[in-house]
Amino acid sequence: MKEAFIKSNFWIGLLAFSVAFPIFIVGSSWLLPGSELWSHFAQTLLPELITSTLILLIGVGIGVSVLGTVLAYLVVMVDFPGRKWLEWALFLPFGIPAYVLAFVYLGVFDYSGYAQVWLREYLGIPGFDIRSGHWAIILTFILVFYPYVYMMARASFKRQKVQMIEAGKMLGAKPIRVFWKISVPLARPAIAAGLLVTLMETLADFGVVSLFNYSTFTTAIYSAWGDFRSIEVAAQLASLLVLVSFFLIYFERKARGKAKYYSSDVSHLKAYNAKGIAGWTIFFFVFSVFMLSFAMPLLQILIWTSEVFSVEWSKRYINYFSSSGILTFLATVLTVAVATILALPSRRKSNSKTLQILIRFSTLGYALPGSVMAVGLLYGVQNISLISIHFGGSSINHILFGSVALLLFAYVSRFLAIAFNSSSASSEQIKPVYEHSARLLGASRWRLIKEVYFPMMLPGILAGGLLVAVDVMKELPATYLLRPFGWDTLAIRVFELSSEGLYERAAIPALMMVIFGAVIMLLFNKLDQEKF
Amino acid sequence: MLSVSNLKISFEDNHVLDGFNLDLDSGDIFALLGDSGSGKSSALRFIAGLEKAQLGSVALDGNDLSSDGSHSVKPELREIGMVFQDYSLFPHMTVFDNISFGINHLSKKEKIIEVEKLLELISLEGIEKKYPHQLSGGEQQRVSLARSLATAPKLLLLDEPFSSLDKSHRDQLVKEVRVILKKAGVTSILVTHDEAEANTFADKIGKIEKKQLLIS
Amino acid sequence: MNKKLSIALSLMVSTLALGSITQIQAATDDVTVYSSRKEHLIQPLFEQFTKQTGIEVNYLTGSGGDLIERLKLEGENTPADMFMTVDAGDLWYAGTQDIFQPVATEVIKSNIPSYLRDPNGLWTGLSVRARTIVYSTERVKESDLSTYGDLASSKWNKKLCLRTSKKIYTKSLVASIIHNKGVDAASEIIDGWVNNLAAVPNAKDSHVMDAILAGQCDVGIVNTYYFGRLIEKNPEAPLKLFWANQDTSGVHVNVSGAGITKNASNPAGATQLLEWLSSAEAQAIYGSLNKEYPANQNIDSDDVVSSWGEFKQDRMNLSIAGELQADAVKLMQRLGYK
């Protein structure tokens with residue numbers, strides 16, 4: 001029995017190590033000689049961008065936690081007009097890539113945008129540059145990323161409803177009191193998990209920050225590489241990002257550490273009924289978040305699409321769509337499978353410290369900017385080739401470069417964190433007593449996993465799969481560098497057109513991505529309702 | 001029939017059991033009393049093969065299951081059943097699937113007959129299609145008992161199964177379970193800290209004092 | 001469950017196989033191009049080439065820096081016969097990385113002037129992108145404008161909009177200023193620009209022009225083809241181009257261009273493609289697709305483009321812009337040009 005454990009630990013370790021491979025390659029850049037670029041950056045970029053990165057993280061962190069939590073609470077615990085469809089509609093912004101939202105916002109709210117033109121002409125308010133300062137980009141990120149917290153908090157609130165019946169108390173209490181005294185403390189681990197994903201995404205973002213011309217850590221990474229063509233310094237800077245994420249994960253773990261096990265029962269408590277003005281106020285608030293984060297950008301995309309559809313549409317879009325579809329499907333299945341294996345509850349006890357750290361490492365790819373991850377991967381393959389040549393073999397570069405396999409590997413490495421966080425959150429709710437019961441009833445290890453763990457983890461696995469699918473669909477830098485010939489995706493098409501300033505034409509692939517995202521969400525929603 | 005000898009358990013240098021011995025005859029219903037932290041639950045988990053000990057051996061029906069504090073037979077092969085303190089029914093399965101979980105090797109028809117029989121035994125006929133969260137606490141514990149009995153274990157361990165129930169329902173259930181166990185004729189050990197409960201339930205009572213078991 | 005799993009698995013396997021087949025196909029008589037020029041700007045050209053010669057062109061777009069890395073790492077086994085990019089800095093850098101082979105056929109030499117080609121024949125410019133001043137006709141008199149450097153003078157305080165220093169066109173422009181005027185004068189100019197900014201530098205040239213139209217600022221510096229697109233959509237826009245530095249060094253131009261890779265498996269086909277791209281016919285498409293100036297000086301520009309008038313180009317060899325780019329970036333970062 002012990003041998004079997006060691007053996008399975010070995011394979012799990014190997015799996016985690018492979019996924020973490022690009023991280024190790026990026027980290028190994030510190031073995032290379034230092035560069036005078038560091039002192040240049042220390043004198044010029046670094047002081048400003050460390051402050052601005054911190055301000056951005058704090059602002060986005062607070063904003064996303066508050067907005068996501070409040071929306072989730074309202075939607076689960078309060079009955080207000082339009083709640084049913086808004087609960088679902090609030091997921092939709094997931095399908096729009098962050099940089100698409102950013103260019104729509106700039107088009108509407110910047111000095112030359114409709115909104116400011118209107119304010120100047122009709123109200124005489126002087127124009128202002130929304131890209132200077134911090135608040136506009138912080139608001140943009142909040143509107144882009146709140147669904148992460150919303151999604152996790154919503155699931156947690158749904159579980160809580162049952163617990164409150166069991167506890168039998170607070171039933172007569174005011175909603176606000178329940179919110180502060182019970183709901184938020186209980187949902188803290190879920191909120192923290194959503195927050196973690198948001199902060200890692202914000203750290204690794206390049207699209208939004210470059211549209212706002214805002215300096216974050218990625219500015220220095222791209223400068224090292226794009227301006228000075230120094231992959232070493234880019235990788236060294238990127239590995240600092242990984243380090244920051246490691247600390248973020250540590251704090252998140254601590255926040256989660258105190259959480260109790262929850263049952264995953266279905267909810268039966270009736271929501272608070274908000275009638276009249278209160279109900280409509282809540283509706284107006286939730287609806288305006290939906291408008292800003294989805295309906296308005298979608299409307300802009302639709303207007304642009306209608307302007308250029310006849311010029312831009314061609315059969316090639318079917319190809320872009322199917323590339324996106326196939327890659328998304330395969331990457332999601334793989335990522336979710338790896339995440340499930342790493343997150344199985346029995347891992348908790350039998351894991352050695354080393355293995356736990358290795359698993360943590362395998363989820364850090366999320367904080368790496370996609371292009372650094374992709375180049376890291378190319379160099380990793382190159383090193384394997386060099387070793388192979390050293391031992392009389394041949395280079396494998398040309399086999400792996402531009403193969404679907406390498407691209408899928410990059411996706412798994414980059415997005416494992418999301419799937420893993422989600423599946424392990426649900427695996428942590430599985431009390432040890434289920435394992436004990438199943439084993440004493442004679443179940444084999446395989447049956448325990450298949451019939452007890454897997455179905456109980458399924459909500460988390462599905463939620464993780466949804467997030468991964470949407471992220472893979474939107475992924476740009478790694479796909480751009482690693483894709484095979486003829487595998488252009490919708491995200492690539494959006495980028496190529498919008499980077500030339502052709503927003504109207506970029507609207508067509510962007511619209512297809514929104515539809516694609518909505519279909520994924522619909523699918524998820526169906527599974528969600530069927531099963532739980 | 002069951003023989004536990006020289007059991008020694010400690011938590012971080014703090015010995016809770018040392019020289020614990022227990023012998024039971026077939027069909028015995030035994031109650032193990034002790035304060036919290038006295039190691040009574042740990043003893044039960046050791047017998048089940050779920051936790052290790054410093055020292056100690058277990059033999060059931062003449063087969064050695066554990067010796068020197070470690071286990072030679074895995075929990076799933078020991079033919080020991082267990083009812084837990086907190087609700088341990090699989091929440092995603094119906095009552096039928098829960099009860100038949102341990103008798104997976106039977107055909108569907110045989111399972112139906114078996115589950116019907118067990119539900120009759122615990123006086124909860126007709127709830128096959130319900131999910132655990134639709135049952136009361138007492139009902140859940142009775143289903144849990146039926147699930148353990150389904151595999152016809154040689155020994156049944158009950159780890160404070162009544163402690164999370166209301167006082168009013170508890171006394172009734174304690175009596176009922178005793179009747180069920182007697183009917184099934186299964187050798188059982190109940191762990192509890194409630195002396196009255198032990199008296200109502202068991203044929204024999206033992207108490208942990210000074211790290212050892214005193215049979216009264 | 002198992003059925004679904006096996007479907008997923010077989011789909012996965014077949015996709016992987018498909019991926020490697022596309023890879024193999026790329027190694028036949030076709031010409032394979034890595035390009036940082038965007039798909040919508042190259043695809044019509046390649047289509048035309050295939051129609052005329054029967055040679056298929058496979059292409060993979062990407063960012064310039066990424067593709068150079070990929071070429072380096074693929075080494076001898078690269079599927080690429082040609083690398084095409086949109087900036088002299090990238091062309092120059094690719095030249096230093098030993099991924100090109102020299103090509104200088106008579107056809108190319110006669111089609112493209114020498115300052116738009118690498119001195120060693122490693123790459124050939126295929127279109128000229130002029131970067132010059134754009135101004136509001138409502139608030140600025142043409143006579144107030146003269147040079148890039150003049151935009152640093154205090155009369156433009158809070159009236160200037162610029163594109164971000166991260167964009168390669170800005171880097172090349174500043175590199176040319178360093179080359180023409182020396183580091184000290186260049187840093188005074190950059191410093192003056194930064195002080196005159198009316199807004200955080202914009203991400204795109206189109207945003208610079210939007211800002212001028214909205215009254216946020218009065219002057220800016222853009223590539224002419226962005227202006228061309230805006231005027232095409234909005235002919236009444238009160239916006240005009242001004243040819244900078246006509247009495248001095250001339251308007252800064254950048255190129256998009258291409259070179260044949262050192263390890264090309266089909267160098268003959270690639271050379272044929274390069275020659276064709278420099279021909280009058282291809283150059284006409286090249287220019288009209290994106291309102292750029294043809295590199296082949298024997299043909300006229302697109303109508304819209306020629307309506308902006310003749311101008312004097314800066315004839316600095318573009319390799320120099322490449323070499324000085326890192327210095328330009330350091331200068332801008334030091335002076336806080338974001």
Side-chain angles (χ1 to χ4, degrees), chain A residues 1-5 158-168 260-269 345-346 349-350 426-427 429-462 527 530-532, chain B residues 41 44-45 47-52 70-93 97-106 131-137 140 143-157 159 161 164 166:
Chain A
M1 179 162 138
K2 205 170 177 185
E3 258 174 338
F5 259 133
K158 285 207 152 179
R159 282 196 298 271
Q160 286 175 21
K161 282 169 121 181
V162 187
Q163 302 218 307
M164 276 189 278
I165 301 177
E166 282 174 2
K260 295 180 219 130
Y261 295 114
Y262 301 123
S263 66
S264 45
D265 295 341
V266 190
S267 59
H268 299 286
L269 187 68
S346 50
K349 260 192 323 181
S350 59
S426 64
S427 129
Q429 287 156 12
I430 302 178
K431 297 178 281 187
V433 73
Y434 297 125
E435 182 199 338
H436 295 158
S437 305
R439 295 189 71 188
L440 287 169
L441 291 167
S444 65
R445 205 178 146 67
W446 171 239
R447 216 178 141 218
L448 172 69
I449 291 173
K450 202 180 92 180
E451 290 179 28
V452 179
Y453 288 163
F454 186 74
M456 291 181 79
M457 285 168 71
L458 203 56
I461 293 172
L462 284 175
L527 290 169
E530 246 173 38
K531 284 270 173 187
F532 316 99
Chain B
S41 278
L44 213 59
R45 284 160 188 275
I47 297 169
L50 296 171
E51 272 171 30
K52 287 180 189 172
S70 54
H71 308 297
S72 47
V73 177
K74 291 184 198 176
E76 51 266 42
L77 301 174
R78 289 188 164 219
E79 299 181 71
I80 293 178
M82 192 156 173
V83 178
F84 295 85
Q85 172 179 359
D86 39 5
Y87 310 127
S88 62
L89 294 176
F90 304 122
H92 58 289
M93 294 183 193
D97 290 337
N98 262 291
I99 294 179
S100 61
F101 187 87
I103 44 173
N104 200 37
H105 53 280
L106 298 183
Y131 281 89
H133 65 81
Q134 297 168 303
L135 305 178
S136 72
Q140 289 193 33
V143 172
S144 190
L145 177 69
R147 182 176 71 175
S148 298
L149 292 176
T151 58
K154 290 179 181 163
L155 173 69
L156 185 68
L157 307 173
D159 188 2
S164 47
D166 294 338

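Letters go in sequence order (proteins before strands), and every chain restarts at 1.
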| message | I need the full list of salt bridge (Lys or Arg N to Asp or Glu O under 4.0 Å) pairs touching residues 448-460 of chain A, with sequence neighbours left out, sorted by first then second residue. | response | A:Arg447-A:Glu451
| Segment of B:Phe90 engaging chain A (4.5 angstrom heavy-atom cut-off) | both
| task | Would you mind telling me which of B:Ser88, B:Pro153, B:Pro132 has the largest number of heavy-atom pairs within less than 4.5 Å of chain A? | result | B:Ser88
| Sub-4.5 Å side-chain heavy-atom contact between B:Pro91 and A:Met456 | yes
| remark: CZ of B:Arg147 to OG of A:Ser437, rounded to nearest 0.5 Å, is 4.5 Å
| What's the shortest heavy-atom distance between B:Arg78 and B:Ile47, and which atoms? | NH1-O, 2.6 Å
| Leading residue by heavy atom contact count with chain A [cutoff under 4.5 Å; candidates B:Leu157, B:Thr151, B:Leu89, B:Asn104] | B:Asn104
